[in-house]
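Side-chain atoms are counted along with the backbone in the values below, which use heavy atoms only and exclude waters and symmetry mates. Order of the sequence lines fixes the chain letters, A, B, ..., with proteins taken first and strands second; residue numbering starts at 1 for each chain.
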Amino acid sequence: KQEVTQIPAALSVPEGENLVLNCSFTDSAIYNLQWFRQDPGKGLTSLLLIQSSQREQTSGRLNASLDKSSGRSILYIAASQPGDSATYLCAVYGSARQLTFGSGTQLTVLP
Amino acid sequence: DAGVIQSPRHEVTEMGQEVTLRCKPISGHDYLFWYRQTMMRGLELLIYFNNNVPIDDSGMPEDRFSAKMPNASFSTLKIQPSEPRDSAVYFCASSPSGRADTGELFFGEGSRLTVL
């Protein structure tokens with residue numbers, strides 16, 4: 001059974017800092033990996049999707065990398081802003097044709 | 001586009017009562033998913049439909065839970081009778097054919113259920 005782990009569970013950084021969120025998964029037989037953002041009381045917004053054949057995806061200040069063989073992904077946020085404060089969820093789409101989510105990293109960017 | 005619409009946004013009920021959560025998927029999307037989010041277990045898939053037909057309900061926790069999709073624009077998730085451990089945020093998501101095969105889902109804002 002696929003398991004997804006996110007470290008750290010919570011992170012607080014000053015504005016302007018570059019930061020890294022980690023995601024690991026146990027079954028490397030995945031079709032893709034996604035990073036979502038969840039604001040308090042809101043739904044999930046897809047940020048980046050990396051296909052299994054890709055190594056990374058970039059969108060603005062966000063960059064996500066995927067190392068399928070080691071079962072790891074990193075979300076890099078450059079020049080963080082208070083508006084980046086949210087919970088970031090990693091999810092893998094695997095052979096069971098289901099999205100398996102990690103428990104998330106709660107990010108706070110201090111002004 | 002209005003996005004996935006869920007109602008109610010918040011529901012507080014007493015143990016033993018019936019709860020019905022509703023979802024309107026994005027027009028043209030033929031896949032619909034119900035997820036549950038709790039602090040302890042994170043986000044879990046409960047059931048998903050394709051063209052109004054339930055495909056995989058293995059995530060439905062108990063017989064107290066049931067889901068229907070009578071037409072392409074409406075789905076319900078029902079809990080009867082409800083219990084305090086059912087307290088969670090329930091998300092509905094939809095996806096068009098092809099994109100569902102890649103796990104690209106569009107989520108509603110969720111229904112927060114509290115069972116006292």
Side-chain angles (χ1 to χ4, degrees), chain A residues 1-10 21 23-54 57 59 64 66 68 73 86-106, chain B residues 1-11 21 23-26 31-50 54-60 88-114:
Chain A
K1 179 184 174 185
Q2 178 75 270
E3 293 184 2
V4 180
T5 303
Q6 291 188 245
I7 295 174
L21 307 182
C23 172
S24 61
F25 47 95
T26 55
D27 185 353
S28 61
I30 65 170
Y31 291 98
N32 62 54
L33 182 144
Q34 291 184 70
W35 284 93
F36 290 87
R37 170 181 173 142
Q38 185 175 25
D39 292 284
K42 300 291 187 180
L44 281 69
T45 301
S46 182
L47 297 172
L48 291 164
L49 184 149
I50 312 174
Q51 299 290 355
S52 62
S53 58
Q54 297 175 319
Q57 281 286 343
S59 176
L66 173 64
K68 203 173 72 163
S73 177
T87 295
Y88 291 80
L89 293 156
C90 167
V92 297
Y93 191 70
S95 56
R97 298 288 181 175
Q98 293 185 12
L99 269 177
T100 303
F101 286 85
S103 54
T105 294
Q106 186 174 351
Chain B
D1 197 328
V4 176
I5 299 173
Q6 293 187 244
S7 65
R9 292 295 314 280
H10 302 274
E11 174 91 6
L21 307 179
C23 175
K24 177 179 169 56
I26 294 172
Y31 282 84
L32 183 140
F33 303 79
W34 282 100
Y35 282 85
R36 178 173 67 175
Q37 185 178 38
T38 62
M39 289 293 292
M40 290 294 294
R41 301 174 68 91
L43 268 159
E44 303 172 286
L45 177 65
L46 300 178
I47 185 172
Y48 78 92
F49 296 82
N50 178 217
I55 303 301
D56 185 350
D57 65 354
S58 60
M60 296 285 264
V89 181
Y90 291 82
F91 287 100
C92 177
S94 70
S95 185
S97 292
R99 296 184 77 178
D101 284 346
T102 62
E104 292 183 79
L105 307 184
F106 298 81
F107 282 82
E109 295 200 332
S111 293
R112 180 175 294 276
L113 172 65
T114 302

Peer 1: For A:Q54, look at atom CD and say whether over 12 heavy atoms of other residues, nucleotides or ligands are found less than 6.0 Å away.
Peer 2: yes
Peer 1: Is there a side-chain contact (heavy atoms from CB on, under 4.5 Å) between B:Y35 and A:L99? Walk through the geometry before answering.
Peer 2: CA-CA 10 Å; B:Y35 282 85; A:L99 269 177; 3.5 Å; yes
Peer 1: With only heavy atoms counted, which part of B:R41 is less than 4.5 Å from chain A, the side chain, the backbone, both or neither?
Peer 2: neither
Peer 1: Tell me, for B:Q37 versus chain A, whether the close heavy atoms (under 4.5 Å) come from the side chain, the backbone, both or neither.
Peer 2: side chain
Peer 1: A:S59: which residues meet the side chain to side chain contact (heavy atoms under 4.5 Å, CB included) condition with it, sequence neighbours left out?
Peer 2: A:L48
Peer 1: Just to verify, what does B:R112 make a side chain to side chain contact (heavy atoms under 4.5 Å, CB included) with, not counting sequence neighbours?
Peer 2: B:H10, B:V89
Peer 1: Looking at OG1 of A:T45 and CZ of B:F106, how far apart are the two atoms once the value is rounded to the nearest 0.5 Å?
Peer 2: 11.0 Å
Peer 1: What heavy-atom pair brings A:Q38 and B:F91 nearest, and what distance separates the two atoms?
Peer 2: NE2-CZ, 3.3 Å
Peer 1: Crowded around A:Q106 CD? As in, over 12 foreign heavy atoms under 6.0 Å?
Peer 2: no
